**Q** 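Structure below; questions to follow.
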Amino acid sequence: QVQLVESGGGSVQAGGSLRLSCAASGLPYTNTYIGWFRQALGKEREGVAHIGRSSGRTYYNDFVKGRFTISQDNAKNTVYLQMKSLKPEDTATYFCAARTGSWAPLVPVHWNIWGQGTQVTVSS
């Protein structure tokens with residue numbers, strides 16, 4: 001049974017850091033991608049970053065480059081999102097998602113397996 005479970009969200013001051021975790025189960029490594037998305041209140045869900053589960057290759061959307069880092073620990077079947085220099089505009093529910101198959105853009109329509117999300121709140 002495929003399952004993604006996010007954790008690590010919380011409330012921080014601007015400039016602080018958080019590390020989100022996505023525990024994945026029931027997914028192959030080959031041709032599988034794990035992505036992070038976020039959705040702010042009243043906004044559309046947007047892609048943050050993704051990683052190839054077997055290759056380790058990463059992709060970031062421009063608005064988080066230099067501040068966020070996606071990584072994985074395959075022994076733990078866990079993907080992380082290290083978030084640094086957080087800004088109030090980073091406040092959102094962060095979702096872990098998976099895609100199996102060929103590479104696809106980091107937009108929600110191409111990602112069919114989702115966790116329930118973890119809340120990140122950044123105060124000024």
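Each residue takes its place number in the sequence, starting with 1. Everything numeric in this text was worked out from a predicted model, so none of it was measured. Quick note: numbers below take in every heavy atom, side chains included, and nothing from hydrogens, waters or symmetry partners.
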**Q** To the closest 0.5 Å, what do you measure between CG (Asn31) and OG (Ser102)?
**A** 8.0 Å
**Q** Indicate the atoms forming the closest heavy-atom contact of Ser123 with Gln13, along with that distance.
**A** OG-NE2, 3.1 Å
**Q** So, for Thr91 and Gln119, which heavy atoms are closest and what is the spacing to 0.1 Å?
**A** CG2-NE2, 4.0 Å
**Q** Might you point out which heavy atoms bring Ser124 and Ala14 nearest each other, and give the distance in Å?
**A** CA-CB, 4.3 Å
**Q** If I take atom SG from residue Cys96 and atom CD from residue Glu6, how far apart are they, to the nearest 0.5 angstrom?
**A** 5.5 Å
**Q** Rounded to the nearest 0.5 Å, what separates atom CZ in Phe95 from atom CH2 in Trp114?
**A** 7.5 Å
**Q** For Asp62, give me all partners under salt bridge (charged side-chain N to carboxylate O under 4.0 Å, His left out), at least two apart in sequence or on another chain.
**A** Lys65
**Q** Is there a continuous path of hydrophobic side-chain contacts, each under 4.5 Å between heavy atoms, that joins Tyr33 to Leu4?
**A** no
**Q** For Gly56 versus Gln72, what's the shortest heavy-atom pair and its separation?
**A** CA-NE2, 3.8 Å
**Q** Name every donor-acceptor pair, under 3.5 Å, that has one atom in a side chain of residues 75-85 and the other anywhere in the protein, sequence neighbours excluded.
**A**
from  : atom 1 : to    : atom 2 : distance (Å)
Asn77 : OD1    : Tyr29 : OH     : 2.1
Asn77 : OD1    : Arg53 : NH2    : 3.4
Thr78 : OG1    : Lys76 : O      : 2.9
Gln82 : NE2    : Leu18 : O      : 3.4

**Q** What residues, two or more places apart in sequence or in another chain, satisfy side chain to side chain donor-acceptor pair (under 3.5 Å) together with Glu89?
**A** none
**Q** Looking only at heavy atoms, what is the nearest atom pair of Leu106 and Ala49, with distance?
**A** CD2-N, 3.3 Å
**Q** Using a 4.5 Å cut-off on heavy atoms from C-beta on, say whether the side chain of His110 contacts that of Arg99.
**A** yes
**Q** Would you check if the distance from the ring center of Trp36 to the ring center of Phe68 is below 6.0 Å?
**A** no
**Q** According to a 4.5 Å side-chain heavy-atom criterion applied to Ile, Leu, Val, Met, Phe, Trp and Tyr, with indirect links allowed, do Ile51 and Trp111 form part of one hydrophobic cluster?
**A** no
**Q** For the residue pair Tyr94 and Val48, what are the closest heavy atoms and their distance?
**A** CE2-CG2, 4.3 Å
**Q** Is it possible for you to check whether Arg57 lies under 6.0 Å from the centre of the six-membered ring of Trp103, through NZ or CZ, and within 45° of that ring's axis?
**A** no
**Q** Nearest 0.5 Å please: distance from the OG1 atom of Thr121 over to the CG atom of Leu41.
**A** 10.5 Å
**Q** How long is the span from the OG1 atom in Thr118 to the CZ atom in Arg38, to the nearest 0.5 Å?
**A** 14.0 Å
**Q** May I ask you to test the Ile34-Cys22 pair for a side-chain heavy-atom distance under 4.5 Å?
**A** yes
**Q** Please examine the side chains of Ile70 and Tyr60, heavy atoms only from C-beta on, and report whether any two atoms are closer than 4.5 Å.
**A** yes
**Q** What's the spacing between Arg67 CZ and Thr69 OG1 if we round to 0.5 Å?
**A** 11.0 Å
**Q** Among the clusters formed by ILVMFWY side chains lying less than 4.5 Å apart, do Leu27 and Val5 turn up in the same one?
**A** no
